[in-house]
Amino acid sequence: MRKIYYITTPLYYVNAEPHIGTAYTTVAADVLARYKRLAGYEVFFLTGTDEHGLKIARTAKEAGLSPKEFVDKLVPKFKQAWQQLGISYDYFIRTTDPSHEESVKALFRKVIDKGDIYKGKYSGWYCPPCERYISLKDSPDKSCPVCKRPGEFFEEDNYFFKLSKYQAPLLKHFKDNPAFVEPSFRYNEILNRLESGIEDISVSRLVRSHFTTKAQRTQSPPGSPGEGRLARSSPDTLCRDEGGSAFDWGIPLPTDPSQVIWVWFDALINYISAIGYPAKPDVFNKFWPADVHLIAKDILWFHSVIWPAMLMAAGIPLPKKVFAHGWWTMNRDKISKSKGNAVYPAEVIKQVGVDGLRYFLLREMPFGLDGDFSEAALINRYNNDLGNDLGNLVLRTLTMIEKYYDGKIPSPAGAYEPVEELRQTAEKLAVTVPGHLDKLAFSLALEDIWSLIHQANKTIDSVKPWALAKAKSEHLPAVLYGLAETLRIVAVHLAPFMPTVSKSILAQLGLADDIRLPSSAGWGKLPVGTQTAKSQPLFQRIELPV
Ligand code: MSP
């Protein structure tokens with residue numbers, strides 16, 4: 001039986017083009033998907049777009065388009081960005097796909113049948129740009145805990161989900177599965193919050209066929225209950241005024257078309273609708289439960305509490321893991337389109353190439369923590385790690401093989417200590433790199449790969465192959481074989497991170513790109529006599545702007 005690996009990214013809101021933050025999760029998921037495919041798994045890598053809700057409806061209105069016209073314009077930009085970044089997703093889901101809508105209705109019905117949906121009055125504060133409720137316990141000033149914008153008050157009859165009923169089962173699941181949420185400090189945060197009690201949540205919105213634009217919103221005095229509400233300025237806007245959430249851009253409730261399903265309840269279901277819930281039980285049972293939902297810390301509560309409770313209510317097993325990484329910041333402020341500090345992948349790719357960007361994102365900050373993005377850090381990593389360390393090792397090794405052996409891989413006759421040391425480090429990588437990747441410790445995997453690259457460069461400096469050549473030393477072929485084999489193994493481990501660079505190193509060594517893990521990571525697989533290709537510089541030095 002083939003091993004299965006199911007990995008997901010969040011569904012990104014299509015209010016703006018993808019930036020470096022959204023690219024981060026997607027690249028990380030891509031590295032894991034590629035790594036697992038090389039290790040023989042049948043991978044299902046899911047990404048896509050979150051297209052309903054007030055945030056999108058308002059942004060579309062401001063652009064003068066219907067929500068559907070607006071999202072249809074944005075989705076190709078996501079697909080194009082992922083193509084540019086070499087993202088090897090297996091399926092791109094849109095929450096406006098009819099098959100997703102059917103899944104959502106089916107799951108909603110199951111939860112109703114379970115008795116976990118009831119009608120009530122919602123009255124409270126909400127952040128439309130983040131599509132999240134604001135609890136006055138956490139934010140007495142009614143601002144959004146994530147984006148800090150003032151919340152908007154709304155009050156209306158809604159359907160509620162009995163989230164509180166799942167407090168005890170969730171606590172049990174957390175206690176029984178200490179790796180359910182990672183990193184562990186995030187697990188503890190959620191566990192503490194769960195222990196302090198959870199409330200039922202509104203999971204629907206009253207349908208209104210109109211809503212106002214930003215310009216039409218009143219300037220209520222700060223702190224007044226109506227702050228941020230919609231305008232009460234004309235008969236036409238009167239009906240839109242009973243709470244800032246009024247809209248109709250969502251999936252109708254199967255049992256009451258006067259309400260649409262709350263955008264989060266809708267979007268989370270993508271993780272099962274994409275694999276055929278409930279229409280294709282064979283496909284669904286093959287891939288579910290997901291191995292890992294990759295997300296950032298700001299949406300961990302939705303994924304580790306609300307989503308699991310929804311699944312429990314529907315009698316579906318929970319995902320194996322939710323991993324919440326940190327934020328890319330700019331001068332310590334979260335990078336986002338709305339803050340005006342977004343960096344776009346295409347701009348960075350122009351400077352350092354696709355693989356340069358992929359490398360930087362996963363090397364610069366440990367997965368799980370926050371990190372500041374700067375052009376200086378990007379260019380330093382590119383020039384030093386890629387240009388000086390990796391690029392030079394490739395160039396020096398292939399130039400010497402060309403010069404001393406007409407470009408053919410020589411036979412490594414006889415053991416030679418510095419080469420044995422390279423071999424030991426390379427063999428260790430075959431264990432440590434997969435170990436780090438299985439823990440999503442991308443930066444540690446890259447550090448280990450770079451320890452081999454550094455050692456190989458040092459070996460060249462200390463052994464001085466040109467001196468061995470001059471002295472007609474018997475060690476020269478062993479050294480050059482060892483360096484070429486090191487490069488091959490570096491290319492193997494880099495393949496999930498930097499697919500183009502890996503392929504290019506293998507091509508320069510005269511090898512095909514047919515990596516299989518773990519066997520390709522073993523030492524001594526490079527066939528003697530292989531004709532190498534003339535070395536091309538992999539990275540062009542970039543001058544730091546002054
Ligand atoms: N639509 C919801 C998710 C629904 S999942 C069923 C959403 N979308 S979002 O467009 O706001 O994207 C959130 C995700 O984008 C984060 O979880 C993270 O993966 C990524 N990031 C957005 N900005 C980021 C940073 N500045 N840094 C790191 N990741 C960031 O929330």
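Indexing begins at 1, ligand by ligand and atom by atom, following the structure's order. All values derive from a computational prediction rather than experimental measurement. Counting begins at 1 with the first residue of the sequence.
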Would you check if Y271 and H303 make a side-chain contact, meaning some heavy-atom pair closer than 4.5 Å? yes

Quick one, V31 and R358 - any side-chain contact, counting heavy atoms below 4.5 Å?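 In short, these two side chains touch, coming nearer than 4.5 Å.
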
Ring centroid separation for [X] and [Y], is it under 6.0 angstrom?
X    : Y    : result
F92  : F78  : no
F161 : F108 : no
W264 : Y133 : no

If we set the cut-off at 4.0 Å for heavy atoms, which region of H325 has an atom near ligand 1: side chain, backbone, both, or neither?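 Just the side chain.
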
Which segment of I335 sits under 4.0 Å of ligand 1 when only heavy atoms are counted: both

Do S304 and R186 meet the criterion of a side-chain donor-acceptor pair at a distance under 3.5 Å?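 The answer is no; no qualifying pair exists.
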
Side-chain donor-acceptor pair present, H100, T95, cut-off under 3.5 Å: no

Under a 4.0 angstrom heavy-atom cut-off, which atoms of ligand 1 come close to [X]?
X    : value
D50  : 1 (N), 2 (C), 4 (C)
H303 : 5 (S)
T25  : 18 (C), 19 (O), 20 (C)
A267 : 6 (C)

Which class fits the ring pair Y359 and W450: parallel under 30°, tilted 30 to 60°, perpendicular over 60°? tilted

So which protein heavy atom does [atom] come closest to, and at what separation?
atom                    : answer
atom 31 (O) of ligand 1 : I299 CG2, 3.5 Å
atom 14 (C) of ligand 1 : Y12 CE2, 3.8 Å
atom 3 (C) of ligand 1  : L11 O, 3.3 Å
atom 10 (O) of ligand 1 : Y13 N, 3.0 Å

Is a donor on one side and an acceptor on the other found under 3.5 Å between the side chain of E182 and the backbone of K321? no

With a 4.0 Å cut-off on heavy atoms, is H19 touching ligand 1?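 Distance cut 4.0 Å: H19 passes for ligand 1.
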
Does the residue Y271 have a heavy-atom contact with ligand 1, meaning some pair of atoms that are separated by less than 4.0 Å? yes

Quick one: which of [options] has a heavy atom closest to [atom]?
atom                    : options             : answer
atom 24 (C) of ligand 1 : G21, A23, A324, A16 : G21
atom 27 (N) of ligand 1 : W328, W264, Y24     : W328
atom 28 (C) of ligand 1 : G326, A296, G371    : G326

Under the criterion side chain to side chain contact (heavy atoms under 4.5 Å, CB included), which of I112, T255, D200 is the partner of I117?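 Result: among I112, T255, D200, I112 is the only option passing the side chain to side chain contact (heavy atoms under 4.5 Å, CB included) with I117.
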
